[in-house]
Amino acid sequence: MPKNLVIVESPAKAKTIEGYLGKEFKVTSSYGHVRDLPKGDLAVDVENGFLPTYEVQADKKAVIKELKKLVKEAEIIYLASDDDREGEAISWHLKEALDLNDSQTRRIVFHEITKNAIQNALQNTRTINLDLVNAQQARRVLDRLVGFEISPILWRKIKGGLSAGRVQSVAVRLVVEREREIDSFDSRSSFKVSAQFNLEKGKVLVAELPRKFETEDQAMAFLEECNGADFFIKKLETKPSKKSPAPPFTTSTLQQEASRKLGFSVSQTMTLAQKLYESGKITYMRTDSLNLSEEAVSAAASAITSEFGSGYSQNRKYKTKSKSAQEAHEAIRPTDFRVNSAGKEYNENRLYDLIWKRALASQMGDAQIEKTIATIGISNSDLHFTASGEVIKFDGFLKVYIESTDDEDSEEQKGMLPPLAEGQVLEMKDLTSRESFTRSAPRYTEASLVKKLEEMGIGRPSTYAPTISTIQKRGYISKETREGKERNYIQFVLANGSIKRTTRSEITGYEKQKLFPTNIAMVVNDFLVDHFPNVVDFSFTANVEKEFDEIALGEKPWDSMIGAFYDKFHLTVEESKLVERSDVNKARVLGEDPASGKQVYARLGKFGPVIQIGNSDDDDKKFASMRQGQFVENITIEEALDLFQLPRNVGVFEEEEVVAAIGKFGPYVRHNGKFYSLGKELDPLSITIDEATELIKMKRTVDANMLIKAFDGNDEIQVLNGRYGPYIKAGKKNVRIPKDQKPEDLTLEECVDLAEKTPEKRGKGKRK
DNA sequence: CAGTGAGCGAGCTTCCGCTTGACTT
C-alpha cells in the first residue's frame with residue numbers, strides 16, 4: 001500500500017508522474033479546481049470583509065469522495081497543483097475540503113514533467129503560501145462582483161440573459177471599436193509604379209518605384225517622363241542578413257498558427273491539442289511559457305543532428321515578453337522529438353506536425369540570407385526603381401518551419417536576381433502604374449482577438465477559447481464569411497512609346513471567418529463604456545494584476561484592496577440603475593418616408609434590429625427587420641426604405657402567388673408553400689414573374705432527379721436520393737433506409753411502417 | 001426562410017479560471 005499520495009491537477013499528468021515514482025507513491029488528480037463560489041448566488045459577503053462562501057462543485061463531489069478515501073490510506077499528502085496563483089488556491093481548497101492537517105500535508109511544485117523535476121520537487125517541500133491564495137481569492141471575488149452586479153443591470157435595461165465581465169466585455173469592446181473604425185475609415189488612393197526590363201535570353205527584371213504618387217496626374221506625368229528615357233543599373237549592393245526561428249508554441253501562438261495555416265477555430269485547436277496531450281504525444285497545451293526542459297533541449301538537438309546534421313542544431317533559450325505570464329509549465333512541444341507523426345487521425349496529425357516543426361525549429365540555427373538590391377537610374381528623372389532578390393546561403397531552421405503572419409500585404413518569397421552589372425543599360429519592356437487603396441485595420445479573427453487579449457494581459461490560456469465562444473453565445477459577436485464587393489481602379493501602362501489608361505475592377509473586402517459585432521454588442525458596449533469606464537478600460541486588468549501581485553507578496557490585505565475597488569464600483573452600479581431603458585437603447589431618426597410623410601426610425605426591437613415607419617402612438621406604424629450586416633447606428637434611410645419592398649408579390653404561377661423575400665438563408669421566392677433560393681444574379685427586389693417561374697421549374701427538375709420512387713394517391717411519401725444516400729421523405733420526417741432494403745423495391749406500406757417506427761426528431765437537447 | 005414590435009408580471013439568466021468528458025449529428 002503506497003504511503004504517499006500526490007495530487008496534481010490533470011489526470012494525464014498523474015499517469016505520467018506515477019510512472020516516474022516508485023511503489024511508495026500513488027498519484028492522482030483533482031481535475032482542476034474542486035471548490036468555487038456557488039453558481040446561483042453572489043456568495044460574497046460585502047458587509048463582512050467580502051467573505052466568500054465556497055462549495056464543492058456538483059461535478060467534483062465524486063472527486064472529493066474518492067480523494068478522501070485515498071487520503072485515509074496515505075501518510076503524507078503532496079499537493080502538487082501548478083506553481084501559480086490558481087494552483088496555490090487549488091492546493092488550499094483541497095486542504096480545506098479534505099480536512100488535511102499541517103503535519104500530513106506538503107506543498108510541492110515543478111515546472112516540467114520530467115523525472116528529475118519531480119524528484120527534485122519532492123526534496124523541496126513547503127507549506128501553502130496563503131498570501132498567494134489570498135491574491136487568488138481577490139481575483140475570484142473581484143470577477144464575481146463585476147459579473148454579478150453588472151449583468152443584472154443589462155437584463156433590466158437591455159435584454160435578459162446578457163452578461164458582462166472583466167474579460168468578455170473588453171473582448172466585445174475591441175470588436176465593436178474595430179467595426180466602427182472600419183466604418184469610418186476613409187480609404188485614400190495612390191499610384192504605385194512597377195517596371196519590367198528585358199534581359200538576355202528572354203528574361204525579365206521586375207522593379208518597383210519606392211514611392212507612390214498621390215494623384216493620377218502625378219503618376220501620368222512620371223510615366224510621360226519615362227517615355228523615351230534611358231534606364232541603367234546605377235548601383236548594385238549585396239547585404240548579408242539572417243532570420244531566426246520563432247520560439248516554441250504557447251497556447252495563444254498555437255491558436256494563431258493553427259488558425260492561419262490549418263484554418264482551425266480556437267476551440268477546435270484546443271480539442272485536438274487535448275487529445276494529443278491525453279495520448280502522451282505533446283506536453284501540456286494550456287501554457288504561457290516559452291521554456292523547454294533541459295531534457296527536451298538535448299532531445300531536440302539529437303533529433304536535429306541525426307535528421308539534418310550537427311550544423312543545424314543550435315541551443316536556444318527563449319524569454320517571454322509577457323508581463324502576465326505565470327510560466328507554470330513548459331512551452332508546447334512533442335514529448336518525444338523522434339516521433340514525427342501522431343497517428344491516423346487527420347487533423348490531430350496536422351496539429352502535431354505543426355507543434356513538432358515549431359519546437360524543433362526553435363532549436364535550430366539561423367537562416368543566412370544574402371540580399372541583393374539593384375538601383376535603377378532614369379536618365380531624365382531624379383527618381384529611381386529598385387529591384388531586390390534574395391539568396392538563401394544556409395537554410396537553417398527554414399528547413400522545417402516557416403511562420404506565417406496575419407499581414408495580408410506580406411511580401412511573397414523573393415527569388416534570386418538575374419546576373420546584373422553596375423552601369424548596365426536596360427531595355428524597358430513596360431511600365432505599369434496602378435491605383436491602390438489604403439486599407440483599414442482588419443477585422444479580428446478568433447485567433448487574432450486572442451492575440452490582442454494576451455498582449456493586453458487579459459484572460460489566461462485556459463480561458464481564451466471559452467471566452468471567444470461565450471461572446472458568440474451571448475449574441476455579441478458572430479463569426480462570418482462575407483462576399484467582397486467590386487471596386488474599380490485605374491491603371492496606366494507605358495509600352496511601345498505610348499501610354500494607355502484603363503479602368504479595371506477587383507474584388508475587395510472579402511472576409512473569411514471574421515468577427516462582426518451585433519447591434520446588441522454596440523448598445524451593451526456603449527452602456528458599459530458610459531457607466532463603467534473603469535471596468536472596460538483596456539488597462540483595468542493590468543492595474544488590478546499589480547495589486548494582486550502586492551497581495552501575493554504579503555504587502556497588502558486582499559479584503560482592503562477589494563473594499564477600495566468595491567466602494568467606487570458599487571456607487572456606479574447604483575447610479576446606472578437609475579438610467580431609463582429608452583435612454584440606453586435609443587431610436588435613431590433616419591428622416592421622413594417620402595411615401596407617407598412619417599418619420600423613419602431605426603432601433604433595437606424585441607426581436608432584433610428593426611426599422612419603424614411612424615411614431616409609437618401611430619396605429620398604422622409599419623415594421624421591417626434589418627438584415628445581416630446592417631447596424632442601427634449607420635443604416636441609411638435608403639437602405640431602410642428598401643426593406644419595406646419585401647416581401648413582394650412577384651406574380652401568379654399555376655394559380656398560386658409567387659412571393660420574393662429575404663430569409664434567414666438569403667433571398668428566396670416562395671410558391672405553393674415551397675421555397676426556392678435565388679442565385680447571386682437574381683435580386684428579390686427586381687425579379688420578374690418569368691425569371692421566378694423559370695427558377696421554380698428548374699429546381700423542380702433537380703428535385704425530380706433526386707426522386708427514386710413516388711406513390712400514387714400519397715404525395716406525402718417519397719423515396720429520394722439525398723446527400724447521405726437514399727431516404728424516405730414522409731411529410732416533414734426524413735427516414736433513413738435500412739441497409740438490407742433496396743430503396744427502389746420499397747412499398748408504400750413499408751415506407752409508412754418505417755416512418756412510424758422512427759422517433760420524432762428531438763432536436764438539440766438543452767445542456768445544463 | 002412569416003411578420004412580429006402593447007403591457008402586465010413570475011421566474012429565469014450572469015463572472016473567471018482550473019480541469020475533463022458528455023452531449024449531439
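Each chain gets a letter, A, B and so on, in the order the sequences are listed, and its residues count up from 1. The shown structure was predicted, so the numbers you read here are calculated from the model rather than taken from an experiment.
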Tell me, what's DNA chain B's dot-bracket, Watson-Crick or G-U with both distances under 3.5 Å, | for other-strand, [ ] crossing? .........................
Can you list the residues that meet the salt bridge (charged side-chain N to carboxylate O under 4.0 Å, His left out) rule with Arg474(A), with sequence neighbours excluded? none
Ile613(A) CD1 to dT4(B) P: how many Å, rounded? 13 Å
Once you measure the plane-to-plane angle for Phe653(A) and His671(A), does it fall in the parallel (<30°), tilted (30-60°) or perpendicular (>60°) bin? tilted
Run the salt bridge (charged side-chain N to carboxylate O under 4.0 Å, His left out) test against Asp36(A) and tell me which residues pass, sequence neighbours left out. Arg140(A)
Distance, rounded to the nearest Å, where Asp618(A) contributes CG and dA6(B) contributes P: 14 Å
Hey, is the main chain of Ala542(A) close enough, under 3.5 Å, to the side chain of Ser324(A) for a donor-acceptor pair? no
Interatomic distance, CD1@Ile108(A) vs CG@Leu79(A), rounded to 0.5 Å, equals 8.5 Å
According to the interplanar angle, ranging from 0 to 90°, do the rings of Phe532(A) and Phe569(A) count as parallel (below 30°), tilted (30 to 60°) or perpendicular (above 60°)? tilted
Glu96(A): salt bridge (charged side-chain N to carboxylate O under 4.0 Å, His left out) partners, not counting sequence neighbours: none
Take a 6.0 Å sphere around NZ of Lys586(A) and say whether it holds more than 12 heavy atoms from other residues, nucleotides or ligands. no
Describe, in one word, how the ring planes of Phe565(A) and Phe540(A) are oriented to each other, choosing from parallel (under 30°), tilted (30 to 60°) and perpendicular (over 60°). tilted
If you look at every strand shown and take non-hydrogen atoms under 4.0 Å, does Gly608(A) touch a base, only sugar-phosphate, or nothing? base
How long is the line joining CZ of Arg156(A) and P of dC8(B), in whole Å? 17 Å
Select base, sugar-phosphate, or nothing to describe what Ser625(A) touches, counting heavy atoms under 4.0 Å on all strands. base
Which parts of nucleotides 10-20 of chain B does protein reach within less than 4.0 Å, heavy atoms only, written one letter per nucleotide 5' to 3' as B for base, S for sugar-phosphate only and - for none? ---BBBBBBBS
Take atom NZ of Lys621(A) as the centre, draw a 6.0 Å sphere, and report whether it contains more than 12 heavy atoms from other residues, nucleotides or ligands. yes
Quick check on contacts: within residues 641-650 of chain A, what sits under 4.0 Å from DNA chain B by heavy-atom distance? Pro647(A)
Within a strict 4.5 Å, meaning less than it, do heavy atoms of the Met270(A) and Gln255(A) side chains meet? yes
